Amino acid sequence: MRGMMDVDVGKLNQMLRFLQSCRRYSDEISADEDGREVCVAGWLHERRDLGGVLFSIIRDRGGIVQVTFRRETVGEEMIERARGVSRESVVAVIGVVKADRRAPRGFEIVPRTFEVLNEAAAELPLDATGKVHANLDTRLDARFMDLRSERVRNIFMVRAEVQRLAREFLNSRGFVEINTPKIVSTATEGGAALFPISYFEREAFLNQSPQLYKQMMMASGFDAVYEMGPIFRAEEHDTTRHLNEATSLDVEVAFADHEHVMSLLEDLVVFIYEGIAEYTERKKMDFRIEVPKKPFERITYDHAIELLSEHNIEMEWGDDFSTIAEKTLGEIIGAHYFITDWPCEIKPYYAMPAAAAGCDKDASSERCNAFDLMHPRLELASGSQRIHDYNLLRKNIEMRGLDPESFRFYLEAFRYGMPPHSGWGLGIERLLMTMLNVENIREVILFPRDRRRLVP
RNA sequence: GCCCGGGUGGUGUAGUGGCCUAUCAUGGAGCCCUGUCGAGGCUCCGACUCGGGUUCAAAUCCCGACCUGGGCGCCA
């Protein structure tokens with residue numbers, strides 16, 4: 001291999017090949033490497049010019065590292081060049097590690113070469129050092145720069161880790177990852193609003209949930225599947241906990257009842273929390289992760305109504321919980337919990353009635369084997385045992401005023417050997433925002449889509 | 001969809017009828033400074049969302065539009 005000093009930094013792609021071969025992130029370098037030559041590349045985070053000595057702070061994915069320019073070590077030409085570089089410009093440095101107690105991390109880099117790969121314009125749309133507060137709206141407009149700040153970068157590193165942990169957990173339990181269409185011909189469940197799109201000469205929609213497809217996979221013999229992907233809701237809600245494009249982790253398991261998938265969900269959530277607690281600790285991230293305790297409390301829908309009544313919140317049997325009711329229940333319980341045994345009428349048509357599953361001896365029971373996973377702040381997931389009987393499912397669709405013909409592709413799967421099955425869908429953004437104690441759901445998705453925002 | 005706020009330099013703010021050729025911080029341009037670590041000192045630069053109205057006088061009051069924050073509703 002050629003020595004570092006042989007690189008002709010004037011030739012861009014030679015420089016890039018060189019960076020590929022030896023570039024290191026700033027957190028990988030320490031004072032222990034005193035005297036060793038290293039190369040780093042990143043953004044000019046800050047510059048402190050003291051006249052005869054100039055400190056350039058370079059930031060990359062690993063954090064920050066100080067590069068020290070002194071007249072006697074780097075020469076007048078380089079120090080002048082370093083002085084003229086605007087903040088947030090992309091730079092590359094080859095230099096020698098010098099242990100020095102005066103330096104921020106106990107060492108600094110004395111540069112041999114200092115190259116500006118791309119100059120940043122002034123003034124910046126945001127302060128990437130975090131000294132000046134910016135509104136979320138301003139930050140999202142300049143999200144590429146917002147993502148350069150440590151806190152925001154950490155949120156998305158945690159998000160990636162959450163998704164990795166979810167896959168690790170489900171893969172280890174024998175689940176098969178699937179991908180289902182996001183462009184569909186019909187509403188999944190009839191209720192929520194859909195985004196219409198133009199599909200050649202026909203109208204189509206963005207899918208609001210993989211529900212129908214993951215159920216059809218149960219008839220395929222795949223037994224246990226999951227999908228992590230986007231879901232689209234055209235609801236005009238405008239809150240800190242709703243998105244029009246969100247990420248859902250959907251799971252479906254054959255030969256399993258709702259109790260089984262509730263335990264699975266509980267195990268998954270705790271597994272992710274434990275993994276993230278370890279991850280943020282190891283990466284020295286400034287988050288306090290409180291791992292929830294198993295088992296999560298299970299309260300029935302009826303019991304929830306009683307609890308609310310004791311706190312002077314009255315609701316009719318058959319109503320869904322209002323925002324204030326959800327928050328009050330959260331305060332009463334103070335931890336993750338399940339709400340179970342919901343009225344059929346406020347759950348989707350595919351939810352298994354308790355009577356049909358033999359869970360309720362009363363044949364006229366109006367309850368179903370559905371559940372919601374709640375965080376004290378908001379709903380995280382909902383699921384149920386599903387109806388696997390063709391005739392019952394078809395009857396339910398009709399009773400909701402939906403046209404069974406438009407569900408034909410789905411219903412067919414129930415006629416030729418559909419096993420009993422259960423599943424749930426978990427909102428990844430909601431899991432993240434509650435785990436990291438973030439107020440606004442937009443903080444935990446790179447480029448949020450909400451009622452007003454379509455760019456960037 | 002309903003209710004309540006807000007729109008002032010690149011960013012975050014102060015200012016609620018005349019004291020505003022508009023405050024402070026950050027930033028940008030420049031000068032000084034050999035150990036900064038939210039560096040420091042000095043000089044300069046840069047803004048009242050748009051349209052209409054009230055008034056002798058509007059950043060400030062009224063109306064409308066647009067943008068925006070929060071709460072509720074809606075939401076497998």
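Predicted model, so just to flag it, every value in this text is computed and none were measured. Reminder, nothing fancy here: chain letters follow the sequence lines and each chain counts from 1. Note that these values count all heavy atoms, side chains included, but never hydrogens, waters or copies made by symmetry.
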field: d(CZ, Phe107(A); C1', rC37(B)) in whole Å
entry: 14 Å
message: Please classify the nucleic acid contact of Ser384(A) as base, sugar-phosphate, or nothing, using heavy-atom distances under 4.0 Å.
response: nothing
query: Which nucleotide in the list rA76(B), rG35(B), rU26(B) gets nearest to the side chain of Ser248(A)?
result: rA76(B)
query: If you measure from the C1' atom in rU68(B) to the same atom in rC61(B), how many Å do you get, rounded?
result: 22 Å
Asp127(A), nearest nucleotide to its side chain (from rU26(B), rG73(B), rA76(B)): rU26(B)
Any donor-acceptor N/O pair under 3.5 Å between rU36(B) base and Gln66(A) side chain: yes
message: With a 3.5 Å limit on both atom pairs, tell me what rU11(B) is paired to, counting Watson-Crick and G-U wobble, or say none.
response: rA25(B)
- prompt: Is there a donor in the side chain of Gln385(A) and an acceptor in the side chain of Ser422(A), or the other way round, less than 3.5 Å apart?
  reply: no
- request: Please assess Arg386(A) against Ser384(A) for the test side chain to side chain donor-acceptor pair (under 3.5 Å), listing each intermediate value before the final yes or no.
  value: CA-CA 6 Å; Arg386(A) 324 297 194 187; Ser384(A) 66; 2.8 Å; yes
- request: For nucleotides rU60(B) and rC74(B), find the distance between their C1' atoms and express it as a whole number of Å.
  value: 38 Å
query: Side-chain donor-acceptor pair under 3.5 Å between Asn369(A) and Trp342(A), yes or no?
result: no
- prompt: Of all the choices, rG69(B), rG71(B), rA76(B), which nucleotide is nearest to the side chain of Arg452(A) once you look at every atom?
  reply: rG69(B)
- prompt: Looking at the side chain of Arg87(A), which of rG73(B), rG27(B), rG35(B) is the nearest nucleotide?
  reply: rG27(B)
message: Output the rounded distance in Å from NE2 (His133(A)) to C1' (rG27(B)).
response: 17 Å
message: My understanding is that a pair needs two contacts under 3.5 Å, Watson-Crick or G-U wobble. By that rule, which nucleotide pairs with rU54(B)?
response: none
message: Say we look at rU11(B) and rG69(B): how far apart would their P atoms be, to the nearest angstrom?
response: 15 Å
- request: Tell me which nucleotide among rG12(B), rG35(B), rA39(B) gets nearest to the side chain of Arg48(A).
  value: rA39(B)
query: Closest approach of Arg87(A) and Asp127(A), non-hydrogen atoms and distance?
result: NH2-OD1, 3.7 Å
message: Rounded to whole Å, how long is the line connecting atom CG of Asp137(A) with atom C1' of rG12(B)?
response: 14 Å
field: Donor-acceptor pair present, Arg47(A) side chain and rA39(B) base, under 3.5 Å
entry: no
- request: Kindly give the heavy-atom pair with the smallest separation between Val438(A) and Arg151(A), and that separation in Å.
  value: CG2-NH2, 3.7 Å
field: Side-chain N,O (Arg241(A)) to OP1/OP2 (rC72(B)) below 4.0 Å
entry: yes
message: Would you say Thr180(A) and Glu227(A) are linked by a side-chain donor-acceptor pair, where the criterion is simply a distance under 3.5 Å?
response: yes
- prompt: With distance as the sole criterion, do the side chain of Arg70(A) and the base of rG35(B) form a donor-acceptor contact below 3.5 Å?
  reply: yes
- request: Sort out the partner of rC2(B) for me: Watson-Crick or G-U wobble, both distances under 3.5 Å, none otherwise.
  value: rG71(B)
- request: Measure from the side chain of Glu123(A), starting at C-beta and using heavy atoms only, and say which of rA76(B), rU34(B), rG27(B) lies closest.
  value: rG27(B)
task: Establish, from distance only, whether the side-chain atoms of Asp250(A) and Ser248(A) form a donor-acceptor pair under 3.5 Å.
output: yes
query: Of the nucleotides rC74(B), rG35(B), rG71(B), which one has an atom closest to the side chain of Thr240(A)?
result: rG71(B)
Between rC37(B) (P) and Leu50(A) (CG): distance, integer Å: 8 Å
task: Could you state the atom-to-atom distance from CG of Leu136(A) to P of rG70(B) in whole Å?
output: 7 Å
task: Tell me what Thr138(A) touches on the nucleic acid: a base, only sugar-phosphate, or nothing, going by heavy atoms under 4.0 Å.
output: sugar-phosphate
field: Residues that His311(A) engages under ring-ring contact (aromatic ring centres under 6.0 Å, His included), provided they are two or more places apart
entry: none
message: Between rC62(B) and rC42(B), how many Å separate the two P atoms, rounded to a whole number?
response: 41 Å
- prompt: How would you label the contact of Asp146(A) with the nucleic acid (heavy atoms, under 4.0 Å): base, sugar-phosphate, or nothing?
  reply: nothing
query: If you take atom types as modelled and just measure distance, does the side chain of Glu108(A) reach the base of rG35(B) with a donor-acceptor pair under 3.5 Å?
result: yes
- prompt: Mapping His242(A) and Arg451(A) to their closest nucleotides on RNA chain B, which lands nearer the 5' end?
  reply: Arg451(A)
- prompt: What integer distance in Å separates Asn440(A):CG from rG71(B):P?
  reply: 8 Å
field: rG30(B) pairs with, by Watson-Crick or G-U criteria that keep both distances under 3.5 Å
entry: rC42(B)
query: Taking the P atom of each, how far is rC3(B) from rC63(B), in whole Å?
result: 14 Å
query: What integer number of Å spans the C1' atoms of rC19(B) and rA29(B)?
result: 32 Å
task: For rC4(B) versus rC20(B), give the span between their P atoms, rounded off to a whole number of Å.
output: 35 Å
- prompt: Nearest of rA76(B), rU13(B), rA39(B) to any side-chain atom of Asn135(A)?
  reply: rU13(B)
query: Once you round it to whole Å, what is the distance between P of rA39(B) and NZ of Lys131(A)?
result: 4 Å
- prompt: What is the nucleic acid contact for Ala103(A), judged by heavy atoms within less than 4.0 Å: base, sugar-phosphate only, or nothing?
  reply: base
- request: Select one nucleotide: of rG35(B), rU26(B), rC75(B), the one nearest the side-chain heavy atoms of Asp100(A).
  value: rG35(B)
query: For Lys98(A) and rG35(B), is the shortest distance between a side-chain N/O and OP1 or OP2 below 4.0 Å?
result: no
message: Counting only side-chain heavy atoms from C-beta out, which of rC74(B), rA76(B), rU36(B) sits nearest to Arg233(A)?
response: rA76(B)
query: Can you tell me how far P in rG6(B) sits from the matching atom in rG17(B), rounded to whole Å?
result: 15 Å
- prompt: Is Pro125(A) touching bases, backbone alone, or none of the nucleic acid, heavy atoms closer than 4.0 Å?
  reply: sugar-phosphate
query: When the nearest nucleotide of RNA chain B is assigned to Thr68(A) and to Glu439(A) on a heavy-atom basis, which residue is associated with the more 5' position?
result: Thr68(A)
query: So, Phe409(A) versus Tyr213(A), ring centres under 6.0 angstrom or not?
result: yes
Interatomic distance, Glu46(A) CD vs rG35(B) C1' [rounded to whole Å]: 15 Å
